[in-house]
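Working notes, structure below.
Please read all numbers here as calculations on a predicted model, not as lab measurements. So you know, we letter chains A, B, ... as the sequences are listed, proteins then strands, and number each from 1.
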Protein chains: 2
Amino acid sequence: MTEPERRSHTPDTAASGIERALALVGGRWKLVILFHLFGGRVQRYSDLERLIPGISQKMLAQQLRQLEADGLVQRTVYPQVPPKVEYRLTEWGQALCPALDALLSWGERQPGGPRASHGRAVRSDT
Amino acid sequence: MTEPERRSHTPDTAASGIERALALVGGRWKLVILFHLFGGRVQRYSDLERLIPGISQKMLAQQLRQLEADGLVQRTVYPQVPPKVEYRLTEWGQALCPALDALLSWGERQPGGPRASHGRAVRSDT
DNA sequence: CAGTATCCCAGACGATACTG
DNA sequence: CAGTATCGTCTGGGATACTG
């Protein structure tokens, strides 16, 4: 049944652990940013701005700051006349990739599509 | 580097695919509910209410409805004098478990703890 | 170039009360 | 028992403008 961490997690600790993890990625633009950084890619602030149409500067900066504070991305500032800042993933950030991959695969395995099955008083006889 | 779906996903499609998946689980209580259902466990409405202290009836009902509409849980109504409703995971819902497990493991592999590393103007010479 | 600073709003969430 | 209905709150995110 592949229950997660049956060895050391109650339903509540497991849930909160995952919520904690999801919170790190929960921003409106975090995933898009991460996916532009996966695979060791390095991007400048302006690159990301260009790669992510529709994002505002406030949002880009904010999400990057949070990703940095949470240890997923590494920020590198070059003290130059026109400022230059690069963003790349940390080891740990890169390690998120397989987990997201699993989630993506699960999502795409979705059968049929969301159906509000009405729960037709079927008795428990299968 | 274990990039997710390098075969058929752009950063944007991958991100939106995962966002779609996360949205299904994104409610304040969805994960807790799911973890009380993983492993084939079947719970009545009142069971969940008891198992999840702090949740309001409105929230419990709402989150369950959404999980049902999204095809993660199966709702079974028994037309009896005192109503009886059971909730269990669908196959697809159960299949979420390993993916969440991966996420949980990743979260617990977190090194050091969140550090706002200041990005000390290191030049790109590695 | 690479950000900050304000203002504002929609939607998520919580508390409470009522019902078939 | 298993929900709905209603109301108030709070936060994430968008638009816009300004700066070292």
| message | Rounded to whole Å, how long is the line connecting atom CD of E86(B) with atom P of dA2(D)? | response | 9 Å

| query | Is the count of non-hydrogen atoms from other residues, nucleotides or ligands lying under 6.0 Å from R109(B) atom CZ greater than 12? | reply | yes

| task | Hey, can you tell me if W92(A) and W106(B) have their rings parallel, tilted or perpendicular (30° and 60° cut-offs)? | result | parallel

| field | Interatomic distance where CG belongs to L24(A) and P belongs to dG12(D) [whole Å] | value | 14 Å

| query | For dC1(D), does either OP1 or OP2 sit under 4.0 Å from a side-chain N or O belonging to R44(B)? | reply | no

| message | As a test of reading the structure: which of dC13(C), dG3(D), dG20(C) is closest to the side chain of P83(B), going by heavy atoms? | response | dG20(C)

| request: Report the distance from atom CG of L64(B) to atom C1' of dC13(C), rounded to the nearest whole Å. | output: 16 Å

| query | What is the distance from OH of Y45(B) to P of dC1(D), rounded to the nearest Å? | reply | 11 Å

| task | Take the protein atom CD of Q62(B) and the nucleotide atom P of dC13(C), then report the distance between them rounded to whole Å. | result | 7 Å

| query | Across all strands, who's sitting opposite dG20(C) as a Watson-Crick or G-U wobble pair, both distances under 3.5 Å? | reply | dC1(D)

| Distance check: side-chain N/O of R75(A) vs OP1/OP2 of dG3(C), anything under 4.0 Å? | yes

| request: Determine the minimum heavy-atom distance between E19(B) and V32(A), stating which atoms define it. | output: OE2-CG2, 4.1 Å

| query | Are L89(A) and F38(A) close enough that some pair of their side-chain heavy atoms sits under 4.5 Å apart? | reply | yes

| Donor-acceptor contact present, side-chain Q63(A) to main-chain I33(A), <3.5 Å | no

| query | Could you give the CG-to-P distance, from L48(A) to dC1(C), as a whole number of Å? | reply | 14 Å

| request: Starting from C1' on dA15(D), measure out to CG on L60(A) and report it in whole angstrom. | output: 16 Å

| message | What I want to check is whether an N or O donor and acceptor connect the side chain of K58(A) with the base of dG3(C) at under 3.5 Å. | response | no

| field | Protein-nucleotide distance (M59(A), atom CE; dG14(D), atom P), rounded to Å | value | 6 Å

| task | Would you please confirm or rule out a distance under 4.0 Å between OP1 or OP2 of dG3(C) and any side-chain N or O of Y87(A)? | result | yes

| remark: Out of dG3(D), dG14(C), dT4(C), minimum distance to the side chain of R65(B) belongs to dG3(D)

| task | Would you mind telling me which residue lines up with the more 5' stretch of DNA chain D, S56(A) or G27(A), judged by nearest nucleotide? | result | G27(A)

| message | Quick check: on DNA chain D, is the nucleotide nearest P82(B) upstream (toward 5') of the one nearest Q63(A), or the reverse? Name the residue that is more 5'. | response | P82(B)

| query | When you check the phosphate oxygens OP1 and OP2 of dA12(C), does a side-chain N or O of W29(B) lie under 4.0 Å from one of them? | reply | no

